[in-house]
Asker: 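First, the structure itself, so that you have it in front of you.
Reminder, nothing fancy here: chain letters follow the sequence lines and each chain counts from 1.
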Amino acid sequence: MLRSRLAGLYYCLTKKNSDVAKVMRDLGFLTEVGEDDPNAQFRARAYYRAADTIASLPEDVAVMYSRNGIKGLLEIPSIGKAIAAKIEEYIKTGKVHTLEKMKAEIPINIDELYGLEGVGPKTIRALYDKLQVKNLADLEKAAREGRLRTVPGFTERKEQDVLKKIEFFRTGRGRHIIGEVYPLIKQIEKSLLQVAGVKNAVAAGSVRRMKETIGDIDYLVAASDPEPVMDFFTKMPEVQEVFGRGPAKAFVRLTSGIDADLLVVPEESWGSALQYFTGSKEHSVELRKIALSKGLRLNEWGVFKGEKRVAGAAEEEVYQALGLQWMPPEMRENAGEIELARQNRIPKLVEYGSLKGDLQVHSENSDGTATIEEMARGAKAFGLDYIAITDHTKSLALAGGLDGQELLEQAQKIAELNDRLEGGFRVLASAEVNIMKDGSLDIADNVLDKLDIVGAAIHSHFNLPVEAQTERLTRAAKNPNVDILFHPTGRLINKRLGYPVDIEQVIEVAKDTGTVLEIDAHYDRLDLKDEYARMAVKKGVKLVVDSDAHHPIHYAFLMFGVAQARRGWATPADVLNTLPADRLLKVLK
DNA sequence: GCCGTTTTCGGCCCGACTGTTTTCAGTCG
């Protein structure tokens, strides 16, 4: 008895929402693949919905279960009796009988086959039944041997398509880091605006929502005659291959390996089309349900009452027709924003271009490529009023880290530079102090307290267990000289997960100590990520958005950091470097 | 499988594009 209770407790502590959500997604997927009855798609959808809900819960379902049992689970929307029982089973035993049975019946590699573009559940079923295709390798082999075309629905051409898609999937070109493709996206947007007859053009989709990575680019164009736009788009020099083209929609792959869609609508549908093409899908689905409940119908062409269009030209009027306040695209993830819109309580988010300073900037004195003065003048030209020079410290030898004496000398030079700089621009003496394995710092407190501002960061021992890593980070936060934790989770998007850390505990400690958490705006990092930024904002922990510039052109990264702050629902009051330097320093005292 | 100011049963978001379908299923966003 005791043993089983302990086992239960163990699972409670180890099953994260992402694990439970994965189980739900697998159940949904196998339901779609394995069952033919017309209701299967709705059961699958119920599983997917539950997965999404669980993934975005602020607290682990396992913890909620340990507190209130099944009853607690049933209070979660889109979780009913059957799914609650499965979650309970999973928390207690680490398995779900139904799922195991399905997996035994159709032993396919879900992770590999789910999400392969153009190959849906029905196709996967046919492939398994006819050719025993269980994974990507099987699929590739069957395609190469020309066996795919024996499956109904497949032709030689589709066989070739599958091979291309496998290649695309393998080379990891599925999702692109937004900062890497943003210039290209904007360049094409601009050239679409130049096409004769075009009234408006914008990259919608995840680009407009400013997600950290994007799957494809969704261009929306307003024009009365789609033909010339379609022609221009499919023949642009950036296009490698045209996948499809209808009267008002086209799909292409660009030479840079990213897919782009185009939709052309008349001006009177611009707003509804913009809403539709911006998404997220989940957000749009909710809007359409609201439309239905009001006796309306929402699609990309407008909001309709019967046959009559009652809104559609502007996004604002679409939301208004549904009884909702308009909201910034960065919030549209169906994560509570619709309820706020209903109550007219959408927060005023921190604005692009509203940052007055940048608190993580490197110079050539460590691993930067410009002098402090060049970084200062670059920041001024960019429109900032101050920067903090945060060169690395001595234990980061690779980056040419400074020791205490060198930091103090640098502070003296910064003071002299400030006298020389015109227009009230200010450079703050600072450092990106290295957090050691035990959470201590590599620079003495009697040096740190002479700097204007101190950031601390982890650059080593990434593989400590979560408890040790959390302790290490919170110990640094508790040092009264530390003002900011830089890039708090250490992740590199698409390259490195980041060290394991209990971010909720870090946020708790930051709240107690008044430590500020950074959103490092470098597009590789965007750390804190949107979700964690929102947790911090919710708890009242202050943020700063920094470029992590190693050259003056890197100040342009700040917009991606502001985007993450906005995705975290941060207002100007939540982001301290929207303040002038003197007020910022006062807050940090 | 979930859910209910029309319903505890019968719905479940909506439209475009593709292929070989000559009236629709599969897939996508």
Side-chain angles (χ1 to χ4, degrees), chain A residues 24 27-28 30-33 35-53 73-87 96 98 114-127 149 151-159 161-162 165 204-209 214-220 226 230 242-252 259-265 269 272-304 322 332 334:
Chain A
M24 291 301 138
L27 277 164
L30 288 178
T31 302
E32 272 189 298
V33 172
E35 297 183 39
D36 279 331
D37 81 285
N39 251 335
Q41 57 168 312
F42 295 113
R43 269 187 291 122
R45 202 180 295 175
Y47 283 128
Y48 289 136
R49 206 165 49 226
D52 289 344
T53 304
L73 298 181
L74 286 173
E75 282 167 17
I76 304 169
S78 69
I79 305 244
K81 272 188 184 166
I83 287 183
K86 289 186 176 70
I87 295 175
V96 176
T98 314
Y114 180 61
L116 190 66
E117 201 182 315
V119 181
K122 300 298 171 204
T123 311
I124 288 175
R125 181 63 204 244
L127 289 170
R149 66 191 81 164
V151 176
F154 272 92
T155 57
E156 200 174 331
R157 164 139 186 243
K158 201 163 175 198
E159 200 170 67
D161 278 354
V162 163
K165 273 162 188 159
S206 47
V207 174
R208 186 162 178 249
R209 300 202 312 280
I214 57 169
D216 63 359
I217 316 169
D218 301 302
Y219 286 108
L220 177 67
M230 300 287 293
V242 178
F243 291 134
R245 177 178 170 167
K249 263 191 175 180
F251 315 101
V252 303
D259 290 354
D261 300 352
L262 170 70
L263 171 65
V264 185
V265 297
S269 294
S272 45
L274 186 57
Q275 189 289 310
Y276 155 76
F277 232 27
T278 299
S280 65
K281 186 169 187 290
E282 292 71 23
H283 176 90
S284 295
V285 167
E286 283 309 305
L287 294 195
R288 287 176 188 159
K289 284 186 194 159
I290 291 171
L292 278 183
S293 74
K294 293 184 178 298
L296 302 167
R297 199 176 84 250
L298 169 64
N299 59 37
E300 57 263 55
W301 308 104
V303 182
F304 295 88
L322 304 180
R332 301 181 195 172
N334 192 29

Asker: Summarise protein proximity over nucleotides 12-17 of chain B in one line of letters, 5' to 3': B for base, S for sugar-phosphate only, - for none, counting protein heavy atoms closer than 4.0 Å.
Answerer: BBBSSS
Asker: Once you round it to whole Å, what is the distance between C1' of dC3(B) and NZ of K81(A)?
Answerer: 13 Å
Asker: In whole angstrom, give the distance that lies between atom CD of Q275(A) and atom P of dG29(B).
Answerer: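 It is 17 Å, rounded to the nearest whole Å.
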Asker: Write down the distance between CD (Q41(A)) and P (dT27(B)), rounded to a whole number of angstrom.
Answerer: 12 Å
Asker: With sequence neighbours left out, what residues match E300(A) under salt bridge (charged side-chain N to carboxylate O under 4.0 Å, His left out)?
Answerer: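 With neighbours one apart ignored, the set is empty.
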Asker: Take atom NZ of K294(A) and atom P of dT6(B), then tell me their distance rounded to the nearest Å.
Answerer: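 The distance from NZ of K294(A) to P of dT6(B) comes to 12 Å, rounded to the nearest Å.
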Asker: Taking atom P in both dT18(B) and dC12(B), what distance in whole Å separates the two?
Answerer: 27 Å
Asker: Looking only at atom P, what distance separates dG10(B) and dG15(B), rounded to whole Å?
Answerer: 25 Å
Asker: Ignoring hydrogens and angles, tell me if any N or O in the side chain of T278(A) forms a donor-acceptor pair with the backbone of A204(A) under 3.5 Å.
Answerer: no
Asker: For K289(A), enumerate each residue passing the salt bridge (charged side-chain N to carboxylate O under 4.0 Å, His left out) test, keeping only those at least two apart in sequence or located in another chain.
Answerer: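 Once residues adjacent in sequence are excluded, the partners of K289(A) under the salt bridge (charged side-chain N to carboxylate O under 4.0 Å, His left out) criterion are E286(A).
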Asker: Distance check needed: dC2(B) P versus E286(A) CD, whole Å only.
Answerer: 17 Å
Asker: What's the gap between dT6(B) and dC2(B) when it is taken at their P atoms, as a whole Å value?
Answerer: 23 Å
Asker: Quick one, L263(A) and D218(A) - any side-chain contact, counting heavy atoms below 4.5 Å?
Answerer: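 No, every pair of side-chain atoms sits at 4.5 Å or beyond.
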Asker: Can you check the distance between dG29(B) and dC13(B), where both ends of the measurement are the C1' atom (answer in whole Å)?
Answerer: 12 Å
Asker: Round to the nearest Å and state the distance from D259(A) atom CG to dC28(B) atom C1'.
Answerer: 12 Å
Asker: Holding to salt bridge (charged side-chain N to carboxylate O under 4.0 Å, His left out), I want the full list of residues that pass it with D52(A), two or more places apart in sequence or in another chain.
Answerer: R25(A)
Asker: Using the C1' atoms only, state how far dT21(B) lies from dT27(B), rounded to an integer number of Å.
Answerer: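 Their C1' atoms lie roughly 15 Å apart.
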Asker: What is the distance from CG of L73(A) to P of dC2(B), rounded to the nearest Å?
Answerer: 12 Å
Asker: Find which nucleotide of DNA chain B each of T123(A) and Y47(A) is nearest to by heavy atoms, and output the residue with the more 5' nucleotide.
Answerer: Y47(A)
Asker: Which residues pass the salt bridge (charged side-chain N to carboxylate O under 4.0 Å, His left out) test with R297(A), sequence neighbours left out?
Answerer: none
Asker: How far does the C1' atom of dT8(B) sit from the matching atom of dG1(B), given to the nearest Å?
Answerer: 14 Å
Asker: Map A82(A) and F243(A) onto DNA chain B by nearest heavy atom, then report which one ends up closer to the 5' terminus.
Answerer: A82(A)
Asker: With a 4.5 Å cut-off on side-chain heavy atoms, are M24(A) and R49(A) touching?
Answerer: no
Asker: Which value, in whole Å, describes the distance between the C1' atoms of nucleotides dT20(B) and dC24(B)?
Answerer: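 Those two atoms are separated by 11 Å.
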Asker: Select base, sugar-phosphate, or nothing to describe what L287(A) touches, counting heavy atoms under 4.0 Å on all strands.
Answerer: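 No contact.
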Asker: Considering every strand and a 4.0 Å limit on heavy-atom distances, what is the contact class for T31(A): base, sugar-phosphate, or nothing?
Answerer: nothing
Asker: What is the base-pairing partner of dT8(B), counting Watson-Crick and G-U wobble geometry with both distances under 3.5 Å?
Answerer: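 Answer to the pairing question: none, since dT8(B) forms no Watson-Crick or G-U pair.
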Asker: Rounding to a whole Å, what distance do you find between K122(A):NZ and dG19(B):C1'?
Answerer: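 Spelled out: NZ on K122(A) to C1' on dG19(B) is 18 Å.
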Asker: Suppose you measure atom C1' in dG11(B) against the same atom in dT23(B); what distance do you get, rounded to whole Å?
Answerer: 25 Å
Asker: Once side-chain contact (heavy atoms from CB on, under 4.5 Å) is applied, do any residues pair with A40(A), and if so which ones, sequence neighbours excluded?
Answerer: T31(A), E35(A), D37(A), R43(A)
